[in-house]
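In what follows, a single structure is set out as structure tokens and then discussed.
Predicted, not measured: the structure shown is a model, and the values here were computed from it. Only heavy atoms go into these numbers, but all of them, side chains included; no hydrogens, no water, no symmetry mates.
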There are 2 protein chains.
Amino acid sequence: MYARAADGAAQDGAARPIMLTTMSTSLHHRAIENLGTRIVSGALPTGHVMLAEQLEDELKVSRSVVREAVRVLQSLGLVETIKRVGIRVLPAHRWNPFDPLVIRWRLAGDGRGAQLRSLAELRSAVEPVAAELAAANAPQAIRQELLDVSLAMRDAGEAGNVAEFLELDIKFHSLLLTGSGNEMFANLVGQVAETLTGRTVHGLMPDRPRETALQWHVDVAEAIAAADAAGAREASSRIMRETISEMEPGWRDQPRVFIPLQQG
Amino acid sequence: MYARAADGAAQDGAARPIMLTTMSTSLHHRAIENLGTRIVSGALPTGHVMLAEQLEDELKVSRSVVREAVRVLQSLGLVETIKRVGIRVLPAHRWNPFDPLVIRWRLAGDGRGAQLRSLAELRSAVEPVAAELAAANAPQAIRQELLDVSLAMRDAGEAGNVAEFLELDIKFHSLLLTGSGNEMFANLVGQVAETLTGRTVHGLMPDRPRETALQWHVDVAEAIAAADAAGAREASSRIMRETISEMEPGWRDQPRVFIPLQQG
DNA sequence: TGACACCGATGTGTGCTGACATCAAAACTC
DNA sequence: GAGTTTTGATGTCAGCACACATCGGTGTCA
């Protein structure tokens with residue numbers, strides 16, 4: 001039994017989380033999650049300074065755990081540590097917007113709208129180029145699977161099977177991105193899945209996918225199968241324009257931020 | 001004086017790095033850099049297992065430093081820690097390809113060609129869309145500055161002033177990306193600067209920028225100033241096509257990798 | 001008397017260490 | 001071969017030494 005644990009039980013009993021030892025995730029992970037969520041949500045505002053010792057008390061963990069968590073948050077650009085001052089929360093434009101953790105935290109909080117817009121715009125930029133590259137480079141197996149999935153999507157969409165359609169939609173766009181042979185594009189698979197799921201969950205999706213949109217997916221797959229790069233790009237662009245216009249109401253009120261360039 | 005430090009001095013004297021205490025970067029940072037570079041370069045191959053204690057000896061640092069470094073590398077997807085086994089190097093497709101550290105390490109080693117291709121393709125996807133968004137949303141100050149910079153670029157390019165041209169080129173594309181009002185696009189500024197610098201340094205740049213390319217930059221700036229989204233996108237696309245065709249020889253021999261989807 | 005430079009006290013991140021908890025692989029027993 | 005024990009690695013804790021930025025007090029000089 002640790003001295004700290006004994007102290008905690010004696011001093012603040014009920015306030016302490018139960019089943020600490022049976023938590024599935026590590027303390028380290030929980031600390032990152034706790035701090036990251038609070039920073040991204042704005043509960044810990046830009047410029048806010050924390051002390052390592054204060055975090056130990058707050059999270060009821062030891063210095064090792066706090067320090068390792070802070071190091072990870074530092075690598076994400078969420079905080080900086082300054083000698084003699086403490087751990088300071090950095091402004092949002094210093095955060096790494098491509099890190100999966102940061103994206104997840106933003107999607108979970110107030111920043112959801114702005115995050116979805118960023119992701120949708122990124123998708124709209126990347127997917128047509130990915131389609132072009134896939135048409136030029138994808139292995140035969142992926143071309144075939146894209147065809148199969150696009151046809152299955154059309155069936156599921158016309159049948160109004162929302163759940164199956166979402167699953168196939170995610171698979172289609174994932175195949176497209178990995179088929180590009182660009183590892184940065186391929187890495188966006190998770191974010192795209194998040195976007196598509198979010199669109200469905202938030203009712204930004206029409207009851208039944210438009211037939212033209214369904215056909216465009218087939219067009220993309222057929223163009224890639226035929227190694228028609230320009231056709232694949234064009235069909236993919238149409239999908240993206242449609243997608244953006246469908247989702248746009250969800251973030252119309254979100255202000256855009258223009259980050260000043262640092263002297264250079 | 002620490003026991004470990006004394007041991008090191010007594011036992012392996014000369015092999016130990018000098019001026020350890022006066023190093024500008026922290027031990028933690030050096031450990032990340034050391035391990036990250038070796039993993040990305042392939043010196044520590046996929047599946048290779050290290051022990052924390054062994055890393056302490058090797059890097060001549062304490063457990064705290066090793067553990068904090070490993071935690072950061074874990075958050076980048078470079079390693080995983082498994083109880084009773086050790087610290088295992090993960091395959092490249094698990095690495096976060098958008099993290100600045102990973103990109104820097106890849107650019108510094110054998111993966112340079114493949115990394116430059118990925119970045120160039122990402123740029124070619126993002127910049128036209130960024131130009132479109134900037135035409136719709138950028139504040140007036142950025143539109144004006146884009147115009148000024150594009151004209152200065154034309155002068156520097158025609159005068160054959162390579163250094164000044166590079167600097168203005170970086171500034172132009174940075175303004176474009178930040179002017180889009182998309183924080184993910186804006187975050188690519190550093191990577192774009194790296195690409196442009198690399199192109200110049202590696203002699204993939206023509207002695208003197210082609211006049212048409214110079215004019216295209218002015219076209220982009222003028223279209224954005226006039227809120228002409230389609231025109232900005234089109235002119236930006238031309239620049240990207242030109243850029244890709246100039247740089248393509250640098251990575252023609254790099255194999256593409258197609259990452260299998262995880263059960264989905 | 002007031003302004004300024006110097007210098008030490010203080011507090012906080014950085015780094016090191018030893019001890020113990022935990023858990024899964026491997027060895028062992030029946 | 002199934003169940004149990006041992007083993008060996010990471011996970012966590014707590015205390016200490018150190019470097020160094022900041023602050024406040026003291027002394028000097030004009």
Side-chain angles (χ1 to χ4, degrees), chain A residues 1-11 16-17 19-35 48-75 79-90, chain B residues 1-10 16-17 19-35 47-75 79-90:
Chain A
M1 186 61 90
Y2 294 128
R4 175 175 297 274
D7 288 355
Q11 289 173 11
R16 212 155 52 91
M19 296 175 61
L20 213 159
T21 59
T22 61
M23 284 301 288
S24 56
T25 59
S26 67
L27 292 181
H28 163 73
H29 216 296
R30 283 180 48 206
I32 292 180
E33 206 67 26
N34 183 318
L35 292 175
H48 180 78
V49 172
M50 299 162 293
L51 272 43
E53 194 185 351
Q54 158 198 342
L55 291 178
E56 295 175 35
D57 296 347
E58 200 172 309
L59 305 176
K60 294 280 180 295
V61 294
S62 74
R63 290 211 359 229
S64 323
V65 176
V66 168
R67 286 178 48 170
E68 288 163 23
V70 168
R71 278 275 143 83
V72 171
L73 295 175
Q74 198 175 20
S75 86
V79 302
E80 65 181 347
T81 61
I82 309 172
K83 280 179 106 79
R84 167 74 193 176
V85 174
I87 299 149
R88 179 183 293 161
V89 176
L90 289 173
Chain B
M1 188 55 95
Y2 294 126
R4 175 174 298 275
D7 287 353
R16 214 155 51 90
M19 296 174 61
L20 213 159
T21 59
T22 60
M23 283 301 289
S24 55
T25 58
S26 66
L27 291 181
H28 163 73
H29 220 293
R30 282 180 50 206
I32 293 180
E33 204 69 26
N34 183 318
L35 291 175
H48 180 78
V49 172
M50 299 162 292
L51 272 44
E53 194 183 353
Q54 157 197 346
L55 292 178
E56 295 174 34
D57 295 346
E58 199 172 310
L59 304 177
K60 294 281 180 295
V61 295
S62 73
R63 272 201 315 257
S64 330
V65 176
V66 168
R67 288 179 52 82
E68 287 163 23
V70 167
R71 280 273 141 85
V72 171
L73 295 176
Q74 198 174 20
S75 85
V79 302
E80 65 181 347
T81 62
I82 310 172
K83 279 179 109 82
R84 168 78 192 180
V85 175
I87 299 148
R88 178 182 293 160
V89 177
L90 289 173

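Among D:dG11, D:dC13, C:dC16, the nucleotide with an atom closest to any side-chain atom of B:L27 is C:dC16. Comparing D:dA19, D:dT12, C:dG15 by their nearest atom to the side chain of A:R67 picks out C:dG15. With D:dC13, C:dG15, C:dG13 as the choices, the nucleotide that has an atom nearest any side-chain atom of A:S62 turns out to be D:dC13. Nearest nucleotide to the B:V65 side chain, out of D:dT12, C:dT22, C:dC16: C:dC16.
Spacing between atom CD of A:Q74 and atom P of C:dG13 amounts to 12 Å, rounded to whole angstrom units. Rounded to whole Å, atom P of D:dT12 lies 6 Å from atom CZ of B:R71. The nearest whole Å value for the distance from the CG atom in A:L55 to the C1' atom in C:dG13 is 13 Å. To the nearest angstrom, P of D:dT10 lies 8 Å from CD of B:E53. Residue B:I82 contributes atom CD1, which lies 11 Å from atom P of C:dA24 at whole-angstrom precision. The separation between A:K83 atom NZ and C:dG11 atom P is 16 Å, rounded to whole Å. Rounded to a whole Å, the CD atom of A:E68 is 15 Å from the C1' atom of C:dG13. Taking atom CD of B:E80 as the reference point, atom P of D:dT10 lies 13 Å away to the nearest angstrom.
Applying the side-chain contact (heavy atoms from CB on, under 4.5 Å) test to B:H29 and every residue at least two apart in sequence or in another chain returns B:T25, B:S26, B:E33.
Within 3.5 Å, no donor on the side chain of B:R84 pairs with an acceptor on the base of D:dG11, nor the reverse. For B:R63 against C:dG15, a side-chain-to-base donor-acceptor contact under 3.5 Å is absent.
A distance of 4.5 Å separates CG in B:L90 from CD in B:E80, rounded to the nearest 0.5 Å.
Contacts of A:R88 with the nucleic acid, taken as non-hydrogen atoms under 4.0 Å apart, are absent.
The shortest side-chain heavy-atom distance between A:V70 and B:E68 does not fall under the 4.5 Å cut-off. Using a 4.5 Å heavy-atom cutoff, the side chains of A:E56 and A:V61 are not in contact.
Put simply, A:S64 has no side-chain N or O that comes within less than 4.0 Å of OP1 or OP2 on D:dA14.
Between B:L51 and B:V85 the shortest heavy-atom distance is CD1-O, 3.8 Å.
Mapped onto DNA chain D by nearest heavy atom, A:V85 and B:M50 fall at different nucleotides, with B:M50 at the one closer to the 5' end.
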